[in-house]
Structure formats: C-alpha cells, structure tokens
2 protein chains.
Amino acid sequence: MEKTARLGLERVSRPRLYEQLVEQILAYIESAQLKPGDLLPAERDLAERLGVSRATLAQALVALEVLGVIDVQHGTGAVLARRPSVASVIKGLREHRSRLPEIVEARSTLEGKLAALAASRRTDEDLKAIDHALEVMATEISDGDRGTRGDELFHEAITAAAHSSVLAQLMAFIAEMILETRMESLGQPGRPEQSLASHRRIADAIRDKDPEAAAEAMLAHIELVSDVELLR
Amino acid sequence: MEKTARLGLERVSRPRLYEQLVEQILAYIESAQLKPGDLLPAERDLAERLGVSRATLAQALVALEVLGVIDVQHGTGAVLARRPSVASVIKGLREHRSRLPEIVEARSTLEGKLAALAASRRTDEDLKAIDHALEVMATEISDGDRGTRGDELFHEAITAAAHSSVLAQLMAFIAEMILETRMESLGQPGRPEQSLASHRRIADAIRDKDPEAAAEAMLAHIELVSDVELLR
DNA sequence: CTGGCTCACTGGACTAGCCTCTTAGACAGT
DNA sequence: ACTGTCTAAGAGGCTAGTCCAGTGAGCCAG
C-alpha cells in the first residue's frame, strides 16, 4: 500500500455487481415509498427485474442486511428495518460523500471526549504508548518526514487509553470515512513541528490526569490541523 | 413488530450460514496471526475447508467487505484491510456486547454535541418537528403510555436539526448497538413526566438558540434517564 | 367455531460451469 | 544480459438449475 499511496495512486477497485444492486435497491425503496416493515419483492422476482442471478442478488441482500437496511426472514421475505433513517443516511453519505467540515466536527467531538477520558483512565502502559508515539513522530520529523506514522500512533494510543470500545469503534468509523472520501490528508499534520508541539500539550495533560485540559488541547490541535488543511 | 416487541418477544432469526462463516473467518484471521495486506486462502480452498459452497462463502466475504475487514480483489484474492483494528473491535463488541456505561458515555458525548449544534443551526421547520415530538409524547403520557414514540421522535428531530450527516450516522450506529444488545429500554424514559420536563428544557434552549444551555440540558437528561435504568 | 392439514410461495444452500482478471514465468528479440 | 511479449495457471465474478426448509393462507373435517 505504502508505495502506491505515496504516489497518489490507488488500485482501481472494479465495480462489483452487488454494489450496484445495493444502490438500485436503495433507490427502489425510496421511489416506491416503502416504509419500515414493508416487504421487498421476492428474490426470484427481484433478480429477474434487475437482470441478475439469485446468487448475486443474495450478496446484495447480505450487504443491505449488514448495513442494517433490511432484515431477511426465511419463508417471509426481506423486510425493511424499523430504522429507515439508516438507509437514507447511508444514501446521503454515498451521494455527497460527507463534506470535510462535518467530518472535522465529528472528529473533534469524539477525540475531545477521548482525550478527556484518557486523562482520567490512562494506565502507565497507556502513557508509555503515547510517549512512544511522540518519539516516533519526533524521529520522523527530524528525518525530514512529515511524521504521519507517529501522528497515527498518537491518536491510536489516546483512543486506546480512553478505554471505551464503543467510542473507539465510532472513531474507526470516522477513520474509514476519511479514507473513503480520499481525504487521507485530514489525518495528517500540517506543519509537522507545530503539530508535534500540540501533541505534547495533549500528552502532558493526560500525564497530569487533567481531563479538561486534555480535551481543550485536543480541540485546539484538531482546529490547527484542520485549518491548515482547509487552506489548500 | 409492535406487538411482539411489547411482549418482549422477538422473532428468533434463524442463524444464517454466512454469519457463522464470518465468525469463523474472523477467528481464523486472529489465530493465523494475519496482518493487514495478507491474503485469505483462495475461495475454492476456503469453501472446501469450511465445508460450504463458494456461493455461500461469497456472501460471507461480502459481509466482511461491508464490515471493512477485507478488500476482495478480482484475480488476486481477499486481502485484509489496512485497519485490523476494525476487525478486532467488531469481534470485541460481539463478545462482550458493549456494556451499558460505555454506550451511555458515547451517547451523551454525541447527543450533547448534537443538541448544541441544533441550537445554533435549527430552522423553523426543525423547531416545529421538535415541538411536534413533545406534543406526541405529552399525549402518549396522558393516555397512560410511557411516551416512547414521542421520545424517539424527539431525539430524531434533534439529530435532524443539527444538520450533520456524519454525526447523524454515528448516532444511527449507536442506536443499532442499543437494539443489538437488547437494551432497548435505554432509549426510553424512566419516569415519563420527568423525562418530558427535561425534554422541554432542551427544546427551550434550542428555541433560544443557546448551544451551551442545550448541551447542558441534554447531558442532564441523559444522566437522569440512564440513572433510572441502571437501578433496575 | 376450532383444529389440523395442505400447498403455494418465500428464502437457504449447493453444484457445475464459464467468464474475466492478475500474475509469474517462459521465450523470444535487442 | 536486458527487456518486452506471450501464455497459462489460478484467482474471483456471475449464472443457471436444483433441491431443501420455513411460513402462512385457506380448506375441510370434527
């Protein structure tokens, strides 16, 4: 991955049929004004209408099930999940590919909280991992690199130190969004030295077990990084 | 759905083969110490080892792809996604089914922010939807109900009023978790009248476009509701 | 009216086969 | 030797056909 990413290239992942089907079915649900609890057409029927085999349609249905859009019941059919919002949100995300400000907003909300939790829950091992990340970043920068690996490690260490698997999963979600929207740079520091300095402030607050200062430092850090990114 | 849910019953969704396969493959990845970038065994091979057909295995792979665990490439194979953390987090969640405190924590973090955003971004239509939810809840309560539908509407209206699809999706994620962990009650008010009153405080702060008061009121509300739930 | 049975319909899963894509290695030509 | 081209093996993508297993409406006997 490293080389291709560095070159800005990315293996073009050919479209899979089931992915198209997901889109089409989502569109159908909306156009047909289907409400939660309603049934999708029978598999054999749908497959014929969409011009694909049942096996492929089955894949699309699995995807929709994992996404939480439908609930497939043996003998009954595919019923729309009680939360239609999920479908529309996913559709919305696919459409305008979540704009940058919203992602920054979500990220700062979560990471602010994570920093505060890390300050109150960190163990000595957590702190060691955080310090290690700082060292890695410092070494990278002195080598002329941008310190992206250290940056990544740092945020991962803080997430781990917060000891909240739910919030951690939400962060993983956002990280995925950032990748998907091809805004990898968002996770990277603008001016390396400046970024490292604000990392140190965060780490110090966590070391001192000061939740408010940690949250504040994290918010300032994200604002700094994001501002720089927005200028491009 | 309504009737069965009210009775605490739930249609036992028969296990699907592909779901078991997802678990097995996840376990295999861990046991085989596979790292990001590594390849899973070939489909034909894996299918034979697991004793299923390729078509079924393909469904499991689609599920893993949607979950962000792997990336299937035509002609090459299924490669582990660069973020193995996602897999382990998902696995962890499945195992200990995220304890209540963590979910409350995540929910209050997000909803506090959502309330603040709603206060600064709400349109008149948003406010109308919020007031409508309050009315529904009031009607339900005076009818002797617990006002769950109104409660749901209220939180949905606030999420919508915040105008942040990213945060909205994260909330949808948590809502799903709550459902999956069969802690539906978490989303419901403890003492209906008390809950309604704190909803009104939140709504007033949003009406006045006071972000800080809105966030504070929301946090107080969630604390109230959660405390009640924890006593059981 | 009730209980039990049947049958049409739904999804679940498998098999066999053919297509396209990727890649390593053989084999030329330089 | 190096380099470019070609080929074949092996990977996933997709289809068609078949059979199995739940679901539920409707019929019919008690």
Side-chain angles (χ1 to χ4, degrees), chain A residues 1 3-4 9-25 28-29 32 34 36-81, chain B residues 1-4 9-25 28-29 32 34 37-81:
Chain A
M1 232 289 268
K3 251 186 186 168
T4 58
L9 299 176
E10 195 161 315
R11 188 188 289 289
V12 283
S13 64
R14 236 166 320 54
R16 299 285 203 87
L17 232 198
Y18 86 81
E19 290 175 349
Q20 292 176 232
L21 294 182
V22 166
E23 305 283 350
Q24 290 185 42
I25 294 172
Y28 168 77
I29 289 172
L34 294 188
D38 287 351
L39 283 173
L40 245 49
E43 281 191 8
R44 291 169 177 81
D45 200 30
L46 244 188
E48 192 177 1
R49 276 204 241 177
L50 296 170
V52 300
S53 72
R54 264 186 83 200
T56 304
L57 176 61
Q59 293 185 18
L61 293 180
V62 166
L64 285 170
E65 203 169 14
V66 173
L67 288 173
V69 178
I70 62 174
D71 183 16
V72 181
Q73 295 174 0
H74 194 171
T76 305
V79 329
L80 249 67
Chain B
M1 230 290 268
E2 304 85 312
K3 251 186 185 165
T4 57
L9 299 176
E10 194 161 315
R11 186 189 290 288
V12 283
S13 62
R14 234 166 330 66
R16 305 265 221 98
L17 231 197
Y18 87 81
E19 291 175 350
Q20 292 174 233
L21 294 182
V22 166
E23 305 284 350
Q24 289 185 42
I25 294 171
Y28 168 76
I29 290 173
L34 294 188
D38 285 352
L39 283 173
L40 246 49
E43 281 190 9
R44 290 169 177 81
D45 199 30
L46 242 188
E48 191 177 1
R49 276 204 241 178
L50 296 169
V52 300
S53 72
R54 264 186 82 201
T56 303
L57 176 61
Q59 292 184 18
L61 293 180
V62 165
L64 285 170
E65 203 169 13
V66 173
L67 288 173
V69 178
I70 61 174
D71 183 16
V72 181
Q73 295 175 0
H74 194 170
T76 305
V79 323
L80 250 67

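Note that the structure is a prediction, hence the values are computed from the model and not measured. Each chain gets a letter, A, B and so on, in the order the sequences are listed, and its residues count up from 1.
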Could you tell me the separation between the CD1 atom of B:I25 and the CG atom of B:L50, rounded to the nearest 0.5 Å? 6.0 Å
Expressed as a whole number of angstroms, how long is the span from B:H74:NE2 to D:dG13:P? 6 Å
Atom pair distance, as rounded to whole Å: CD in B:E48 and P in C:dT15: 11 Å
When you measure from the side chain of [X], which nucleotide among [options] comes out closest?
X	options	value
A:S53	C:dG12, D:dC14, D:dG13	D:dC14
B:A42	C:dG11, C:dT22, D:dA11	D:dA11
A:R54	D:dC14, C:dG11, D:dA11	C:dG11
B:V72	C:dT22, D:dT15, D:dG12	D:dG12

Identify, between B:L61 and A:V52, the residue whose nearest nucleotide on DNA chain D lies closer to the 5' end. B:L61
A:A55 or B:L40, whichever maps to the more 5' nucleotide of DNA chain D: B:L40
First of B:Y18 and B:R44 reached from the 5' end of DNA chain C, by closest nucleotide: B:Y18
Comparing B:L57 and A:E43 on DNA chain C - which has the more 5′ nearest nucleotide: A:E43
Side-chain contact, heavy-atom cut-off 4.5 Å: B:E43 with B:L46? no
Measuring only between side-chain heavy atoms, which start at C-beta, is B:L34 closer than 4.5 Å to B:L40? yes
Is the phosphate of D:dT15, meaning OP1 or OP2, less than 4.0 Å from a side-chain N or O of A:T56? yes
